Every structure is written in C-alpha cells, then in structure tokens.
Amino acid sequence: MKIGVFTCWCGENIARTVDCEKVTEEVAKIPGVHCSVDYKYMCSEPGQQLINQKIKELGLNAVVVAACSPHMHLRTFRKAVALAGINPFLVEVANIREHCSWVHSNKEQATDKAVELIRMAVEKVKHNNALSMIEVPVTKRAMVIGGGVAGIQAALDIASAGHEVVLVEKEASIGGKMAGLSETFPTLDCSQCILTPRMVDVGQHPNIKLLTYSKVDTVEGYIGNFKVRVRKKAKYVDHEKCTGCSACWMVCPQKKIPNEFDYGLGNRTAIYIPFPQAVPAKPVIDAEHCSMIKSGKCGICAKKCPVDAINFDDQDEIVTEEVGAIVVATGFQLYTIDKKPLNASLAASVSGYGEYGYGKYPDVIDGLQFERLLSASGPTNGEPRRPSDGKIPEKVVFIKCVGSRDNAKGLDYCSKICCMYTAKHTMLYKHKVHHGEAHVFYMDIRSGGKKYDEFVRRAIEQDGAIFHRGRVSKITQEDGKLIVKGMDTLAGIPVTIEADLVVLATAMYSPPRADRLAQKLGVGYDANGFLTESHSKLRPVETNSAGVFVCGACQAPKDIPDAVAQASAAAAKVLIMLSQPMLTRDPEIARVDEQHCVACLACGKTCPYNAIEPQALKDRNGQFVKWTARVNPGLCMGCGTCIAVCPSKCIDLEGFTEQQIYAQIECLG
C-alpha cells in the first residue's frame, strides 16, 4: 500500500506548538509512507489540490492527513481524495491540533506526540477497507410534533415545498403559547394578528394533515422510514360534520370550568374551543367535566346541534403515519412556582418560591397569566384587572429571574426572554393605566437581540418603569395590599412597596414528559429536559438520531424570532433529505459475523438505537439454518455498544475493527 501523509500547519494553530517540518521528516521514515509533505492550510483549495496532485503523481492508494479534529474536516478530505480516484474510506485524520498543539506547551514533546499519532493513523489506514455508502429508501413525507409557532413554521415550509406534512398537536388547537400572548417584543405587534394568518394557512394547506388533540404513542423505524403511531384523543364531536356554529357551547350548563388557555383566570364550558381564533375552530368535549359522559345526565349540546355532530360514544383512535423525517417542536412550559415540575429529572432539584405567595395570594401571578389579562380575548377583555376583586391595579411589581439562574431554588440557566417580556409588560401596563406605577426587581438586564436594548431603554426612559437592582426576599399581604420587601443594591437601601399586583417572570423549562418523547425518538436530552442537538454550532437543529430534527424552545429557551428561524432551518434539513431519490449514509456501522453468532441478542438488548433484531439465516436453497442477530443499516449509528457486550466476539465496527485498533496499539510498542 502506498500511503501519503499530509501535515497541516493550520496557520499557527498547530505550527506554534508542533514543529511541522520535523514531523514531515520523521513521518517519511515510517514503513509504507511513500510521500510526506506539509502545507500551511491543508483544508484550503490549494492544500486539497496538493493532495490530489501527489495521489496522481505517485500512485498513492491511501492517505493520512495530520490536521485538526476529524469532526471538522474528515468529510472535506474524503471528497478531495475521491476526486483523485481513491475510495474515500481509505483516508484517516490524525488529530494533532486538539490532541497536541492545544493541550501542550512543550514544543519538543508535542512534536514527538504528533509523530506517534500519525504513526498510529498510518497503521490503521493499512487495514482500512474500501467501503461503499449505504443507500436507504426515503418516504417523501414529514411529521412535525408540536403546533406552536415553531411547528407551524416548519410545517408550512415543508408543505409549501410540495411535500405532505403530518402536524401533531396535543391541544385542541394549534397556536401554542404565542396564541395566548397580547403583544410581542420588540415591535409590540399584536400576537394574534401575526400568528392567526399562519394558523389559517396550516388549516387550509392541501399538503398538511392536521392531527389536533393527539399525542405520539410510539415511534419505530429509522431515517427515511419511520412508522409513528399517533393516539387521537376522543373529541366526542365529529369534526367532519361540525360547522363550528357555537350552538353547543352556548347552551352547556357547565360554565365554571377553569380555562387552561387563560391559565385558570377565566372559565369555559365542558364543550369548548380553546380561544376564538382556534384552528380548527371546532369544539371538543372535556370528558372529565361533562355530565353526560360521567353520569348520563344532560346531553343538551347534542339536542341543540343542528348537524348531529355530537357523539358521546366516541373513543380514542390509533393511526399509523409513515414518514421520512420528524421535526420536534414541542415548546416549553413555565416554571411551576407552587409545585414540583412534571419532569422527573427536575423534581428533585427544584424547591420553589413559597415566600412569594404564588398560589396563596390570588394577586401574585406569572407572566403568561398577565398576558391573558392584557389580551383582548382574555378573561378581562384586555383590562389589567386584579384576579381577587377585578379592580385596576394602581401599583404593579414585576420580579425577574424567578426560577432562572438560581441553583438553590430553581434552575441554573438563564431563560433568555424574561428581561424582554418584563420590559414589554411594564409598557403595556403603562399604556393602559397611565397613572399607574410599574416597579421591576432585577438581577441584571440581558437584552441581546436586534433592537432589544433600545426596547428596554424605552420602557425605563419613555414609559417610566422604575427598576430596582436586587432580589425580593418576601411577599406578604396586609389590608388587601401585597407588601413586597426587597433590596436595591445600587442605592444600597432596602425597598418596601405596597403593591396591588405582583407579576413573576418565571423560568422557561422543558414541557411535561419531554424525556418520555425523547426516549421514544431515540433523542438525547439534558439534565433540564431540553432536547440535545447534534452539534451546537455546526448541526444546531439535527440530533444524533438520524432523521429527527429539533426546533424552538424544546431545544433551549428562545424567543419567537429565534424559534421561527430555527424552524425554517429544520425544515430546510428535512427538504434536503426528501429531495433525494435515495438517502446515503456512511457505512461505518456494526457488522455481525452471522456464521458464528449464537443469537443471544445481548447486543439487541443494549443497543440504544434498537438497530439489532433477530433474523432467520437460510442456506442457498432457502432452508432455515439458525437464528442470528442482524444490524439494520438505517438505524445503526456506529456507537459500538454492541461490540462491548457480545460474548462470542462476532460483531465488529466498520472503520474501527479490532484489527485496526490492535495495529494502532502495537505500533507504539
């Protein structure tokens, strides 16, 4: 085998600590190396041309590039050698930047280590096989899980490109948290005015199949070939017949049910639509509160329905959707101040803020509840009235970072949007109560976005919000007033305010049972329940489960512009997939020696991607021989877990075989 070794200086990233010229000289002495050269930027076009030229001149048939991490440029060099006629999997990258230059200060030692790393790569490439890309068929449909603004954007982008989309939303209407907002920062656009047209587009789009009041039950298959079982909850209303005329919910006697869309500040009936602009604008029946379903007494809605759309015998329905890609856009929930989070991973670490009186004093509310008080479609028709007595509050205190950036009682990360929506709340309050006072307690202000800092300054300088830098220690109630005790650390004095209303800017965290959905999809998630992307910079919407993408606040706290931008990015990745007649992927996956496999399936039990299953091994005549384990090439991610647990040592990983690993170790002896 004729091997060429190409050492990169990476400007001075490598050359500052590694003597690249000496490395080139020493590597040339390694058996099998027919060419050893160095260049300042090997990944540049001239550097790749140099590799191409040497391959053709010297007849090289394998290449080792000593440069930065293979995660950065392995694909780059594979493409370069493929143009010269070499199989791209006969290339190895020796990482002498992260493993040498960036972690050592002694140049002589770093140089010696670089030579040894290259020696190992040379021995490994001697045992590389000329592999071929794996081809996987692709179903030209996509599924979007979550119908908030991110899910809506992703679904519309994919559908508008000509592909069918199945949009699954657990609530009775799409719209998500944004549908409940009054106005949006920093432009103070009416939230419904900008969101409703998108919602209508989803409901009317010929390429979008909308499954509301539905949840993902199970996910099977692999990239390009997913089978998703969706549970459609019983609506007790036939949406094919229903015209949304409102006759049913107007006569429903159960009128005092707390409205989830208003976060408990308003009421709804047992048969209802979540909000006036809902899509679909057709009702569902809450079985938990419906007298007819619970006791068989009532049925007034059915009697009044002019199209006979009410069906009290409706049952949950399971449908299976075959799709090629999945986009997860399940959004967020607010930090629950008065109780433990629904995510088990957070429950042990969060203790809450009982001293703020949330759940005890009705006039201590969170940010989304305040949004509903400000909204024209809210329980007070847009008037910021106190929940306790309906009076207009003359003095409102806003407390930021409730749950965020607090290891002891909340969550350790910044929720990103709280500074901005608190500034917005002070503006909207002052616009409606001109003589009112808006006080804000804050740790610091984080307004990192286009026109965000100007927006916060406007709240202070033009609208007169009073900002106190400090934390609130306690809130009590006396004579109908909320006594807020805190500290202004800039002035160096304690602050006590008699407030009519307190609004807590609570943290964003992952939605309920996000970890369960992640497990169904084979997607990673962090300690806070947010879904984990494949690479925070280079692959921010992809996951380690091929064919599954993330966008919006299910991945991390983000505002509406970021969520929409990320949704379009996820849609673009899906469209790249769906545009191909066949999907191709790297062949560096596990392979089973079926002749020696005893079908114990220890590998299948430990595989995190469910990529190994039992298979009947047959002879040339089609006669059954024995059972064996077989790897699904579409599902396997090449993690190597199966190799570690196989008791008969009959599984190997292409590109990282035992022969290759042993060759690397032995060359160091």
Side-chain angles (χ1 to χ4, degrees), residues 182 185 263 265 334-335 337-338 352-374 380 383-406 409-410 415 417-446 456 458-507:
S182 172
F185 60 80
Y263 303 99
L265 297 179
L334 282 187
Y335 173 82
I337 310 161
D338 59 334
Y353 288 79
E355 66 270 28
Y356 287 171
Y358 186 89
K360 179 180 179 182
Y361 307 135
D363 295 327
V364 179
I365 61 176
D366 63 36
L368 284 176
Q369 289 177 310
F370 193 61
E371 289 280 352
R372 296 309 299 149
L373 294 180
L374 295 171
T380 58
E383 293 291 333
R385 297 184 178 275
R386 301 196 331 166
S388 62
D389 54 17
K391 293 182 180 180
I392 299 290
E394 305 291 324
K395 192 177 294 185
V396 180
V397 170
F398 300 88
I399 304 176
K400 298 204 301 182
C401 293
V402 179
S404 298
R405 304 168 63 194
D406 190 342
K409 305 179 69 171
S415 291
I417 66 168
C418 313
C419 289
M420 296 305 299
Y421 77 66
T422 298
K424 179 190 73 171
H425 285 167
T426 65
M427 286 187 192
L428 298 182
Y429 168 69
K430 292 287 286 182
H431 291 174
K432 296 193 176 188
V433 186
H434 302 303
H435 61 281
E437 289 185 19
H439 294 262
V440 179
F441 284 87
Y442 70 101
M443 292 170 61
D444 49 40
I445 298 174
R446 296 183 174 185
V456 174
R458 174 182 161 191
I460 300 171
E461 297 169 3
Q462 295 184 26
D463 292 278
I466 304 167
F467 276 60
H468 307 278
R469 187 177 185 272
R471 301 299 296 265
V472 169
S473 60
K474 192 173 184 180
I475 298 175
T476 57
Q477 190 172 40
E478 296 178 13
D479 300 325
K481 294 284 188 180
L482 295 166
I483 311 302
V484 181
K485 295 183 178 181
M487 185 73 183
D488 189 325
T489 58
L490 290 179
I493 58 173
V495 177
T496 300
I497 300 172
E498 294 185 2
D500 300 305
L501 184 69
V502 173
V503 181
L504 306 178
T506 48

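The analysis underlying the following values was restricted to heavy atoms, covering all of them including side chains, and did not include hydrogens, waters or symmetry mates. Keep in mind the model is a prediction, meaning the values are calculated, not measured. In this chain, residues are counted from 1 in sequence order.
Using a 4.0 Å cut-off between a side-chain N of Lys or Arg and a carboxylate O of Asp or Glu, Lys424 and Glu371 qualify as a salt bridge. Under a 4.0 Å N-O distance rule, the pair Asp488/Arg471 does not qualify as a salt bridge.
Pairing each heavy atom of Pro384 with each of Lys432, the nearest pair is CD-CD, 4.1 Å. Residues Ile445 and Cys419 approach most closely at CA-SG, 3.9 Å, considering heavy atoms. Scanning both residues, Tyr356 and Val402, for their nearest heavy atoms gives CE1-CG2, 3.9 Å. Between Phe441 and Val495, the closest heavy-atom pair is CZ-CG1, 3.9 Å. The minimum heavy-atom distance between Ala505 and Cys418, with the atom names listed, is CB-CB, 4.1 Å. The two atoms that bring Leu501 and Asp363 nearest to each other are CD1-O, 3.2 Å, heavy atoms only.
Between His439 and Ile399 there is no side-chain heavy-atom pair separated by less than 4.5 Å. At least one side-chain heavy atom of Tyr263 sits under 4.5 Å from a side-chain heavy atom of Arg372. Val440 is not listed as a side-chain neighbour of Ile466, based on a closest heavy-atom distance of 4.5 Å or more. In this structure, Val456 and Met420 have side chains that are in contact, with non-hydrogen atoms separated by less than 4.5 Å. Side-chain atoms of Ile475 and Val502, non-hydrogen and from C-beta on, do get closer than 4.5 Å to each other. Ser182 is listed as a side-chain neighbour of Leu428, based on a closest heavy-atom distance under 4.5 Å. The shortest distance between side-chain heavy atoms of Val484 and Thr476 does not fall below 4.5 Å. Taking 4.5 Å as the limit, some side-chain heavy atom of His425 sits within range of a side-chain heavy atom of Leu374.
By the 30° and 60° cut-offs, the orientation of the rings of Phe370 relative to Tyr429 is tilted.
Under the 3.5 Å distance criterion, the side-chain polar atoms of Ser473 are matched with a main-chain donor or acceptor of Lys485. Put simply, the side chain of Thr489 never gets that close to the backbone of Gly492: no donor and acceptor are under 3.5 Å apart. Not a single donor-acceptor pair under 3.5 Å links the side chain of Asp463 to the backbone N or O of Met427. A donor-acceptor pair under 3.5 Å links the side-chain atoms of Arg386 to the main chain of Asp500, judged by distance alone. Side chain of Glu498 to backbone of Ile483: no donor-acceptor contact under 3.5 angstrom is found. No side-chain donor-acceptor contact under 3.5 Å links Lys391 to the backbone of Arg385.
Within 6.0 Å of NZ in Lys481 there are more than 12 heavy atoms belonging to other residues, nucleotides or ligands.
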As a quick check of understanding, evaluate side chain to side chain contact (heavy atoms under 4.5 Å, CB included) for Val397 and Leu482, giving each step before the final call. CA-CA 9 Å; Val397 170; Leu482 295 166; over 6 Å; no
Is there a side-chain hydrogen bond (donor to acceptor under 3.5 Å, both in side chains) between Thr506 and Asp366? Walk through the geometry before answering. CA-CA 6 Å; Thr506 48; Asp366 63 36; 4.9 Å; no
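The NE2 atom of His435 sits 9.0 Å away from atom NZ of Lys430, with the distance rounded to the nearest 0.5 Å. From Leu265, atom CG reaches atom CD1 of Ile365 across 6.5 Å, with rounding to the nearest 0.5 Å. The distance from the OH atom of Tyr358 to the OH atom of Tyr335 is 12.0 Å, given to the nearest 0.5 Å.
Of the residues Lys400, Arg469, Arg405, the one that meets the side chain to side chain contact (heavy atoms under 4.5 Å, CB included) test with Met443 is Arg405.
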